Undergrad: 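Below is the structure I would like to discuss, written out as structure tokens.
Throughout, a chain's letter reflects where its sequence line sits, starting with A, and its residues are numbered from 1. Remember, predicted model here, so these are calculated numbers, not experimental data.
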Number of protein chains: 2
Amino acid sequence: MEPQRTSVDPPIKLAIADSLRMKIEKGQLEPGDSLPTLHELTTKWNCSITSAREALNLLKEQGLVSGGRGRPLRVRGLGAQTRRSSTRHQWEKDRVHEPEEERRKAGTSELETNKPIGDVDFTATYSRIPASKDVATALGVEEDSDVIQRVYETKDRKTKHRTNWSVSYIPVSLISKNPELLDEKNEPWPGGTQHQLSTVGIEIMKVVDEVTSRMSTTVERQLWGLDTGVPMLRVRRISYDRHGTPVEISDADYPADRTVLEFMTELKEW
Amino acid sequence: MEPQRTSVDPPIKLAIADSLRMKIEKGQLEPGDSLPTLHELTTKWNCSITSAREALNLLKEQGLVSGGRGRPLRVRGLGAQTRRSSTRHQWEKDRVHEPEEERRKAGTSELETNKPIGDVDFTATYSRIPASKDVATALGVEEDSDVIQRVYETKDRKTKHRTNWSVSYIPVSLISKNPELLDEKNEPWPGGTQHQLSTVGIEIMKVVDEVTSRMSTTVERQLWGLDTGVPMLRVRRISYDRHGTPVEISDADYPADRTVLEFMTELKEW
DNA sequence: GAGTGGTCTAGACCACTGT
DNA sequence: CAGTGGTCTAGACCACTCC
């Protein structure tokens, strides 16, 4: 039985939630274990069912618990984590001068996913649009100037859940020499963006990745098939050419429960 | 007036939340604007006050809204963002061979913060502990072997809120030659970890940052003074010496609403 | 069909904010 | 002091899962 509660002092939902959280952190409740039912909580804590529910809601918000819908709530384990490494940038560059069959085998970072191809639907959507303020600033061009927006998405063929999403912007002026780059029908392009840019004489020399995170919205949770309490990682990648001019920016979203971003920095010798 | 709702179909709390979310995304409600009061929502949507509250709760979970406690709820803006760049690793290495006064001025990444020193309390806590499985694997040493754990924390002197937190692990065998490295009284060490390691002949040649994100817990929200709906970024940094052996790992937490992590990758010329 | 959580009602009382 | 949101009660009804 839990201690007598006085009128003020921590809300009962917090007391319940913290007690359960501690059990999870101490390992008394392991991933996969069922939590106490709502009914058990109400009698154990002598509270209404709503308070018990609010406590469990807190744990769901925090991503510690999932389930429900007729199933008991269970402690969430860490699913398989996909590693996305910044060494991929160099790897892709190395493949630009390989023959097309080689590049075709390699896949692209826009499409990169752990699933066998064929189990996913890939779409690429190109649009010529005026640059938004944000995009224009990042690319160092005038606002409303002509850019091509390329949206990449993959979905699991069975579940229809999104598995990959990114959007990329390139000033049209940089690539209009090669009309094939303006046509989404050429996607997926063997060798990816770096090869595309190489066809108009652009060599990427530097890539800057900016990483932030925010909570997923209800809509995103549906699209990706996420539990509540799963944040999204947002990576803005800015690619620079030989002159240090930004030539492409790309924003990608990754569900944080299945993603580790890896960045390598080599330091100069003393 | 909102349309008639049928019995099945999206829960009313979702309908309310999505309607408000769309207004925010379209800019009809700008950062700082007040949301409708609970009472207004109940009459507009013809629902109970609990449903209205649940809708607002969803928006708070998603970090779109903050306030409350006698104040009206308001649309949350993006606060000032601190940039943490991976170029810092090289920058710190460059300073290792500078005289002590120089290093002292420079500050260290463990302490790095935007606030003037003197407005924050800095603490460093060292403990010799047996390596956990996780730490042992990352460092490539035996489980339970002797490591030094160093916990760094800064707090805002006025608000008492945490502004910085990280924990670092080094195998004791690597640094026991220099007993000063085992004493927390020598913190903050001018020049930081890279200089500390240089005193026992270790040169860091490669740093790998692993970035993940997870929702903040209620306890963390109190410690850091965070709103609900703010995820934490977690960075595990692994530093390698000349032989490619991992010599230090460090886990740092950053509140995602005020942090951008930046990573630079230079590519080799064709 | 029994049991689970998900949604919702219709209130009450409180702490806190602002005037 | 009036008004806000925060917490809580004591239920009801539903969809879903599992047996």
Undergrad: Side chains of R74(B) and S34(B): donor-acceptor distance under 3.5 Å anywhere?
TA: yes
Undergrad: What do you reckon, is CG of L78(B) surrounded by more than 12 foreign heavy atoms closer than 6.0 Å?
TA: no
Undergrad: For the pair made of CG in L59(A) and C1' in dG5(C), what is the distance, rounded to whole Å?
TA: 14 Å
Undergrad: Contact class for T37(A) (heavy atom, under 4.0 Å): base, sugar-phosphate, or nothing?
TA: sugar-phosphate
Undergrad: What's the closest nucleotide to the side chain of I12(A) if the choices are dT7(C), dC8(D), dG11(C)?
TA: dC8(D)
Undergrad: Between R162(B) and E153(B), is the closest basic N to carboxylate O distance under 4.0 Å?
TA: yes
Undergrad: Rounded off to whole Å, could you give me the CH2-to-P distance for the W45(B) and dA10(C) pair?
TA: 18 Å
Undergrad: Quickly work out the L38(A) CG to dA2(C) P distance and round it to whole Å.
TA: 20 Å
Undergrad: Choose from dA10(D), dA10(C), dT7(D) the nucleotide whose nearest atom is closest to any side-chain atom of K13(A).
TA: dT7(D)
Undergrad: Heavy atoms from C-beta onward define the side chain here; which of dC8(C), dG5(D), dT7(D) lies closest to that of S48(B)?
TA: dC8(C)
Undergrad: dG5(D) base to R71(B) side chain: any donor-acceptor pair below 3.5 Å?
TA: no
Undergrad: Is I49(A) touching bases, backbone alone, or none of the nucleic acid, heavy atoms closer than 4.0 Å?
TA: base
Undergrad: Mind calculating the distance between CG (L73(A)) and P (dG6(C)) to the nearest angstrom?
TA: 5 Å
Undergrad: Nearest heavy atom decides the nucleotide; on that basis, is S51(A) or R69(A) closer to the 5' end of DNA chain D?
TA: S51(A)
Undergrad: With a cut-off of less than 4.0 Å, is there a side-chain N or O of K60(A) near OP1 or OP2 of dG6(C)?
TA: yes
Undergrad: Looking at dG6(D), dC16(D), dA12(D), which one has an atom nearest to any side-chain atom of R53(B)?
TA: dG6(D)
Undergrad: How close or far is atom C1' of dG6(D) from atom CG of L41(B), stated in whole angstroms?
TA: 16 Å
Undergrad: Can you identify which nucleotide, out of dT9(D), dG18(C), dG5(C), has its nearest atom closest to the C47(A) side chain?
TA: dT9(D)
Undergrad: Could you check L35(A) against E54(B) and say which one's nearest nucleotide on DNA chain C is further toward the 5' end?
TA: L35(A)
Undergrad: What is the distance, to the nearest angstrom, from the NE2 atom on H39(B) to the P atom on dG6(D)?
TA: 16 Å
Undergrad: Hey, what's the ring geometry for F263(A) with F263(B), parallel, tilted or perpendicular (30° and 60° as the breaks)?
TA: parallel
Undergrad: Determine whether the side chains of Q62(A) and S216(B) contain a donor N or O and an acceptor N or O closer than 3.5 Å.
TA: no
